[in-house]
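These notes are about the structure you will find just below.
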Amino acid sequence: MVPLGDSAVIVKFGEQVDPETHQKVRVLSDYLEQHPVEGLVEYIPAFTSITVFYDLTRLVRQDSPQKNAQDDFDPYHSAVKVIEDILVHLNEAASDEPRLVE
């Protein structure tokens with residue numbers, strides 16, 4: 001995972017376009033669509049990665065309600081932790097057939 005600006009993270013599943021890599025993208029994309037996560041506001045799937053945009057203020061509340069602006073809060077690492085927790089529990093076989101968009 002790599003940061004994209006101050007409010008997004010790119011989740012890379014590989015460097016080459018192949019069915020296995022794209023299946024991983026689809027599984028995460030499907031999960032995020034079906035199970036919205038507080039603080040993750042938008043995602044953009046591609047062939048080998050998915051870009052996840054997050055809301056800094058919602059991630060602060062999710063991380064710890066006691067934190068305030070002066071604390072050492074890192075929204076990027078908080079978003080990465082949320083995404084990693086999702087990835088641990090995903091089952092790649094759970095994805096439906098591909099969607100056809102015309």
Side-chain angles (χ1 to χ4, degrees):
M1 287 188 234
V2 295
L4 178 64
D6 63 351
S7 62
V9 59
I10 300 173
V11 182
K12 292 185 176 188
F13 292 100
E15 295 296 323
Q16 295 186 7
V17 178
D18 59 46
E20 286 181 30
T21 301
H22 191 63
Q23 175 68 12
K24 292 176 184 177
V25 171
R26 287 188 47 238
V27 168
L28 179 57
S29 177
D30 290 348
Y31 181 88
L32 292 173
E33 186 174 312
Q34 295 170 7
H35 304 93
V37 177
E38 178 72 22
L40 303 183
V41 294
E42 185 177 6
Y43 63 93
I44 302 170
F47 288 108
T48 62
S49 66
I50 189 166
T51 301
V52 179
F53 291 87
Y54 51 87
D55 181 328
L56 302 166
T57 58
R58 290 190 206 164
L59 283 173
V60 170
R61 286 196 304 265
Q62 182 174 338
D63 185 51
S64 173
Q66 292 81 22
K67 286 196 176 270
N68 60 39
Q70 282 85 23
D71 288 341
D72 292 332
F73 175 71
D74 183 354
Y76 167 74
H77 286 99
S78 181
V80 166
K81 176 160 179 19
V82 169
I83 295 166
E84 285 175 344
D85 289 346
I86 292 169
L87 291 173
V88 166
H89 301 296
L90 282 182
N91 178 358
E92 291 185 24
S95 181
D96 295 332
E97 290 296 313
R99 295 182 302 161
L100 175 62
V101 179
E102 295 182 22

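Hydrogens, waters and symmetry mates play no part in the numbers below; they use all other heavy atoms, side chains included.
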Quiz prompt | Worked check of side-chain contact (heavy atoms from CB on, under 4.5 Å) between Thr21 and Arg26 | solution = CA-CA 9 Å; Thr21 301; Arg26 287 188 47 238; over 6 Å; no

Exercise. Test Val11 against Val80 for side-chain contact (heavy atoms from CB on, under 4.5 Å), laying out the working first.
Key: CA-CA 9 Å; Val11 182; Val80 166; over 6 Å; no

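Residues Ser49 and Ile10 come closest through the heavy atom pair CB-CG2, 3.9 Å. Of all the heavy atoms in Tyr54 and Tyr76, the pair that sits closest is OH-CA, 3.5 Å. Residues Gly14 and Thr48 approach most closely at O-CB, 3.4 Å, considering heavy atoms. The minimum heavy-atom distance linking Val17 with Phe47 is given by the pair CG2-CB, 3.8 Å.
Glu33 and Tyr43 are linked by a side-chain donor-acceptor pair at a separation below 3.5 angstrom, with hydrogens and angles left out of the test.
For the atom pair OG of Ser7 and CG of Leu56, the computed distance is 6.5 Å after rounding to the nearest 0.5 Å. Note that CG of Asp30 and CD of Gln23 are 8.5 Å apart. Values are rounded to the nearest 0.5 Å. Separating the NE2 atom in His22 from the CG atom in Asp18 is a distance of 10.5 Å, to the nearest 0.5 Å. Rounding to the nearest 0.5 Å places NE2 of His89 at 11.5 Å from CD of Glu84.
The side-chain contact (heavy atoms from CB on, under 4.5 Å) test with Val52 is passed by exactly one of Ile86, Val37, Leu32, Val82: Leu32.
Side chains of Ile44 and Ile50 form no contact here, defined as non-hydrogen atoms less than 4.5 Å apart. Between Val9 and Ile83 the shortest side-chain heavy-atom distance falls below 4.5 Å. At a threshold of 4.5 Å between non-hydrogen side-chain atoms, the residues Lys81 and Asp85 count as touching.
Leu28 and Val41 are assigned to two separate hydrophobic clusters, defined by single-linkage of ILVMFWY side chains at heavy-atom distances under 4.5 Å.
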